[in-house]
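The figures here come from the full heavy-atom set of this structure, side chains too, leaving out hydrogens, waters and symmetry mates.
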Amino acid sequence: IQTRPARESRQRPQLRLLCFLCFYVATLTLMAVPIRAQTPATAATPTSCSAGLQAGVMIESVAKNSEGEKAGLAEGDILLSWSRGDAKGQIESPFDLSTIETEQEPRGVVTLEGTRGETKQTWTIGPDKWGIQTRPILPDSLLTKYSELQNLVKAGKFEDAVPGWQSIAVEASKSACGWLSAWLLFHAAEALTDTRYWDKTDILYQDALDSPHGVSPEITALVLSAWANSYYVRGDFVRAEEYHRRSLTLREKLAPRSLSVAMSLNSLGDVADDRGDLAAAGANYRESLTIREALAPGSLAVARSLTNIGIIEREGGNLAKGQEYELRSLAIKEKLAPGSQTLAGSLNNLGIAAFQIGDLDKADEYFRKSIEIKQKLAPDSPDVAGTIMNLGVIVERRGDLSRAEEYENQSLAIYEKASPESRDVAANLIALGDLENDLGNFAKAEVDYRRSMSIYKKNNIEISMPLGGLSNTAVERGDLKQA
């Protein structure tokens with residue numbers, strides 16, 4: 001049984017009780033989505049980069065149930081500046097907003113200032129993830145091309161989109177705004193990461209770093225970190241570690257002991273954990289926690305580090321210690337983010353911890369509480385499916401195999417609706433195959449394992465798990481030669 005819970009890190013996948021590494025790939029809507037027209041904030045709005053580019057960033061989307069949505073932010077709003085107590089600054093690019101969220105969100109309430117149409121407005125952002133996607137306020141000539149490229153990506157025409165992104169970046173590089181070309185290429189790479197066009201993704205990330213005007217160390221660190229995450233998604237942990245370390249080196253030079261440094265350390269912990277190096281993972285997580293506790297005590301960033309350390313403790317066999325860390329994390333989340341996906345993740349993890357120490361009743365309780373929150377926030381989402389799988393394990397352990405089969409099929413249906421060829425589906429099929437073996441349904445088990453193996457091959461994942469399942473099925477059938 002895989003008993004690896006959800007770690008907490010930027011762009012981290014969910015790791016579940018009976019899952020290997022499971023990723024949800026959002027399906028693309030095959031329709032053109034118009035880019036909102038740009039209305040100048042006010043006649044006195046300053047320009048950015050002294051290049052005629054309007055200052056600030058425009059919101060393209062706000063995630064459901066995010067702090068951005070709770071604050072009332074909406075598509076088309078323009079963000080110009082931020083403040084937190086005596087600290088404040090301007091927002092010139094989407095890169096700025098990313099850094100502001102990393103460095104300021106854990107330290108306290110952040111106020112964003114900007115405009116909605118012609119009206120000045122402020123928004124107060126809560127302590128959890130902002131969930132805001134933004135873009136520069138582009139000149140009309142670039143905006144038209146940007147809109148066309150966005151629609152190509154949404155239509156799945158990736159081969160046509162890549163040269164277009166490179167072309168628009170060349171045009172943007174003619175301005176004095178050095179980061180604009182890099183952002184367009186970075187944005188394109190991020191979009192293609194979700195499609196698994198890895199060769200094109202790598203080209204675009206490299207092009208972003210090779211921007212003609214040069215890229216600042218701050219932006220270079222952001223791009224390297226995102227590129228590392230893309231390597232992580234594809235299971236290339238060697239390159240993921242290399243690029244995270246390059247990003248960390250820059251961040252340590254720019255701002256030693258900063259929250260950005262803590263984030264890089266946390267990401268390196270993730271990679272080390274997946275490579276099986278618990279000592280390195282624990283060291284990185286603990287160093288990240290030390291920084292976060294010093295700069296943002298009692299924050300959700302601290303809670304995320306506590307969760308990750310708890311996982312490492314349990315993976316190392318220290319079940320009680322791991323549970324203690326997760327309970328500390330839970331206390332922070334209940335205070336700062338009640339009813340949130342963040343809290344639901346901790347409840348899921350505590351269910352796993354209870355399962356590991358043999359407390360099935362408590363595990364059942366935690367999983368059901370987690371599902372209740374997740375269903376309210378994102379009904380029948382892949383995240384819900386992961387905890388339903390976990391609940392199936394509890395029922396199976398209690399001996400009700402038929403009920404467990406119902407849970408496994410319920411989670412599989414959710415995963416298949418979201419992305420039929422995903423790793424989540426493959427992992428669920430392995431769990432279902434194991435259960436079918438226990439029920440004596442060997443033909444069904446073989447079908448599940450073979451389909452899982454096919455998905456693993458398409459995603460370039462090592463196939464030992466489904467092969468092992470097929471071998472077990474052959475043994476159960478008495479076909480030792482086939483096994």
Side-chain angles (χ1 to χ4, degrees), residues 2-16 19-25 98 102 129 186 189-190 193-194 196 198 201-202 205-206 209 220-253 257-292 301-316 322 325-326 329 345 349 352 423-424 427 456 459-462 464-465:
Q2 275 290 331
T3 53
R4 300 187 63 194
R7 288 196 301 250
E8 300 213 33
S9 180
R10 190 165 183 266
Q11 299 187 357
R12 289 285 303 165
Q14 189 81 1
L15 298 169
R16 304 185 179 93
C19 274
F20 256 2
L21 206 51
C22 310
F23 298 88
Y24 165 52
V25 184
S98 177
T102 299
K129 295 299 182 184
F186 170 80
E190 292 281 89
T193 292
D194 290 337
R196 304 309 200 258
W198 300 125
T201 298
D202 292 336
Y205 277 128
Q206 188 61 62
L209 293 176
T220 299
L222 282 168
V223 174
L224 287 170
S225 180
W227 199 351
N229 287 330
S230 81
Y231 279 121
Y232 182 90
V233 169
R234 63 188 102 167
D236 188 342
F237 301 133
V238 173
R239 284 193 174 87
E241 179 178 358
E242 174 192 345
Y243 282 68
H244 275 311
R245 288 201 179 281
R246 288 173 60 186
S247 179
L248 174 62
T249 297
L250 286 171
R251 286 170 169 170
E252 287 179 326
K253 290 179 179 178
R257 315 298 292 174
S258 66
L259 290 171
S260 293
V261 167
M263 177 177 285
S264 286
L265 288 166
N266 199 67
S267 296
L268 284 167
D270 295 342
V271 175
D273 185 17
D274 279 301
R275 294 181 72 177
D277 190 344
L278 298 186
N284 283 312
Y285 286 148
R286 286 183 170 83
E287 185 65 15
S288 178
L289 175 62
T290 298
I291 296 172
R292 287 170 167 174
V302 168
R304 294 175 189 121
S305 288
L306 291 170
T307 286
N308 293 342
I309 295 171
I311 292 169
I312 293 298
E313 291 289 350
R314 293 201 299 278
E315 288 178 346
Y325 276 107
E326 190 61 69
S329 176
N349 290 349
I352 295 172
R423 299 182 181 196
D424 286 330
Y456 272 21
N459 285 280
N460 296 316
I461 306 172
E462 204 272 325
S464 61
M465 284 291 287

pair Glu242-Val238: side-chain heavy atoms closer than 4.5 Å:
no

Thr193 side chain reached by Tyr205 side chain, heavy atoms, under 4.5 Å:
yes

At what distance, to the nearest 0.5 angstrom, does [atom1] of [X] lie from [atom2] of [Y]?
X: Arg286; Y: Leu265; atom1: CZ; atom2: CG; answer: 13.5 Å
X: Leu278; Y: Glu313; atom1: CG; atom2: CD; answer: 9.5 Å
X: Arg251; Y: Leu222; atom1: CZ; atom2: CG; answer: 5.5 Å
X: Asn308; Y: Asn349; atom1: CG; atom2: CG; answer: 9.0 Å
X: Asp277; Y: Leu268; atom1: CG; atom2: CG; answer: 11.5 Å
X: Glu315; Y: Asp273; atom1: CD; atom2: CG; answer: 4.0 Å

Any donor-acceptor pair under 3.5 Å linking the side chain of [X] with the backbone of [Y]?
X: Ser225; Y: Ala221; value: no
X: Ser247; Y: Tyr243; value: no
X: Tyr285; Y: Asp270; value: yes
X: Ser288; Y: Asn284; value: no

Test Asn266 against Arg304 for side-chain contact (heavy atoms from CB on, under 4.5 Å), laying out the working first.
CA-CA 9 Å; Asn266 199 67; Arg304 294 175 189 121; 5.8 Å; no

What are the two closest heavy atoms between [X] and [Y], and how far apart are they?
X: Phe186; Y: Ala226; value: CE1-CB, 3.5 Å
X: Leu259; Y: Ile291; value: N-CG2, 4.5 Å
X: Leu306; Y: Tyr325; value: O-CB, 3.4 Å

With sequence neighbours excluded, tell me which residues meet side-chain hydrogen bond (donor to acceptor under 3.5 Å, both in side chains) with Glu287.
Arg257

Residues which pass side-chain hydrogen bond (donor to acceptor under 3.5 Å, both in side chains) with Asp202, listed by chain and number, not counting sequence neighbours:
Trp227, Arg234

Would you say the side chains of [X] and [Y] form a donor-acceptor pair under 3.5 Å?
X: Glu241; Y: Tyr232; value: no
X: Ser305; Y: Arg292; value: yes
X: Ser329; Y: Thr307; value: yes

Taking CZ in Arg239 as the centre, count heavy atoms belonging to other residues, nucleotides or ligands within less than 6.0 Å. Is the count above 12?
no

